[in-house]
Amino acid sequence: MSATSPHPIGALPASSGALALDTYELTKRFGAFTAMDRVTMRVEPGTVHALLGENGAGKSTLVKCVAGFQRAEEGSILIDGREQDIANPIVARALGIGMVYQHFTLAPGMTVAENLLLAGGKTPALIDWKTKRAELQAFLATTPFSLDLDVRPSELAAGEKQKLELLKQLYLKPRLLILDEPTSVLTPQEADEVLGHVREFARSGRCTVLIITHKFREVMAYADSVTVLRRGKAVHHCRVAGTSPAQLAQAMMGGEHAAPPAKALIIRKPVAADAVVALKVEGLKAQGDRGTLALHDLSLSVRAGEILGVAGVSGNGQRELVEVLVGQRPRLAGKVAVMGQPYGAHRAENRSLKVRSLPEEPLRNACVGDLSVAENMALRDFDRPPLSRGGVLNFPFWRSRARGWIAEYGVKTQGEGAPIRSLSGGNVQRAVLARELAGDINVLIAANPVFGLDFAAVAEIHERIVQVREKGGAVLLISEDLDELLELADRIVVMSEGRIVFETSAAGAERHVIGAHMGGGHHEPLKREPTCA
């Protein structure tokens, strides 16, 4: 495969296992906007093929056409060398094409077992549950995942939901498995399990894998070939063995100076020995959604001018910890102090103690979707001067400030009056950043702050988080991306089963040691590396 054009399309014999996929000058328009412009791509059978590109580059449009959820106006899709009219997902499924979406498609009120059976689309009126449960248990035993068949998706953490989405497709034994950012809610350890499993699935000849990702590490470690899309066009095709992250970044961004970024730009400075403890959590207990303890006597502290990273496999209490700290979940026991003052996560305390937060899924947790960008930017201080005077809301000031923040943070929107739900994920996060990072900050609580965002947005948001640290703020960074923690944090702690089980300095951290503790399952006393600050 060359760096400028894909393999020529040729007829291939039909296969009962992994299939060959070709797209030829595939074009898709939405009104006057061309989302995909004459994309020609070759995916070899039994390989893992990565799709890279910024948000809006056409990646999701391309795979949705292949999976039958959208129809291209021009061009062709060939399966094993034969042109196919994939009019809908039913046709795609009959051809052996399965897709795991970035956004969950689970039935929240049904159990894991019921969701797996529903995926096949041919559920009998009467189900022999004894036999089916045995079949499902046997199937789960062939995967690296462990899920309770009786649990409902509404009770699962994001990473566990993503595993169930993948299991739904693997259960159907697809010939082509399309993964749309499958690891965006997984830890690196989980991601390695997932991607290692699908790579072996592909190399066994049972399946071909087409994966959309923003993570260069995943491409370099697990993909055989890669196609880069930019502004709807396929601009680069190559074997992974013959490329580098820097070359792929340049192809994605289209500029000579693009490089995989922030790691090289971030310089750690030692945390001052006499720095005050800005955030102190002692003996925290909180109940989970299923009525059992999610946090067990959890304690941690973050000093001014320090980023403390919290690592852990999804579902080990990270979400509950964040919800307690931002006031979305009651605590059963324990103390939280900010700058030495008791902190109950009330709005007045957030203002007086200068506590800010960047929650996961900001559109759900930090915004009101139907309100405008300007109104959402004013949620923190709408009732304070100069946004309000004498009880009268100063809407012109809301709008003018919002326009300034939109320009400063590069928020792409039709204007400050547009509903915030109309923005892309990265732009919603930029809008929340503008609001939360305004003014002085003592403590910033950031939970998976670059979830699902593209290359440029990740670098920008990381830089702004580091700026909080450089100005003397304390940052509690909860992330399911170990690379992100190793890049940004001064110290890293590991959560397992609602406890802090390990602590180390980031500079001296070893990935495999952290990963072992993330796997957890033990209740040993907290272990600290000798290099820990």
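- Between Asp381 and Arg347, no side-chain nitrogen of the basic residue sits less than 4.0 Å from a carboxylate oxygen of the acidic one, so the salt-bridge criterion is not met.
- Residue Arg384 places its CZ atom among 12 or fewer non-hydrogen atoms of other residues, nucleotides or ligands, all under 6.0 Å distant.
- Side-chain contact check for Leu300 versus Leu298: some heavy-atom pair is nearer than 4.5 Å.
- Looking at Arg389 and Asp383, no side-chain N of the basic residue comes within less than 4.0 Å of a carboxylate O on the acidic one, giving no salt bridge.
- In this structure, Lys168 pairs ionically with Glu165, as a charged nitrogen and a carboxylate oxygen lie closer than 4.0 Å.
- Counting non-hydrogen atoms of other residues, nucleotides and ligands closer than 6.0 Å to CE of Met110 gives a total of 12 or fewer.
- Side chains of Leu177 and Leu170 form a contact here, defined as non-hydrogen atoms less than 4.5 Å apart.
- In this structure, Arg319 pairs ionically with Asp289, as a charged nitrogen and a carboxylate oxygen lie closer than 4.0 Å.
- Remark: side-chain polar atoms of Asn115 are paired, donor with acceptor, to backbone N or O of Thr111 under 3.5 angstrom.
- Checking each of Arg464, Lys354, Arg380 against Glu436 for a salt bridge (charged side-chain N to carboxylate O under 4.0 Å, His left out) leaves exactly one that passes, namely Arg380.
- When Asp490, Ile492, Leu444 are each tested for a side chain to side chain contact (heavy atoms under 4.5 Å, CB included) with Ile307, only one passes: Asp490.
- Residues Thr61 and Lys28 share a closest heavy-atom pair of CG2-CG, 3.6 Å.
- Salt bridge annotation for Arg491-Glu306: present, with a cationic side-chain nitrogen under 4.0 angstrom from a carboxylate oxygen.
- One finds a salt bridge joining Asp85 and Arg71 here, because a Lys/Arg side-chain nitrogen approaches an Asp/Glu carboxylate oxygen to under 4.0 Å.
- Closest approach of Ile86 to Val66, counting heavy atoms only: CD1-O, 3.3 Å.
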Task: salt bridge (charged side-chain N to carboxylate O under 4.0 Å, His left out) assessment of Arg430 paired with Glu460 - done: CA-CA 9 Å; Arg430 287 188 179 98; Glu460 177 188 345; 3.0 Å; yes
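- The existence of a salt bridge linking Arg399 and Glu416 is excluded, since no basic side-chain nitrogen approaches an acidic carboxylate oxygen closer than 4.0 Å.
- Counting heavy atoms from C-beta outward, Arg231 and Asp37 have side chains that stay 4.5 Å or more apart.
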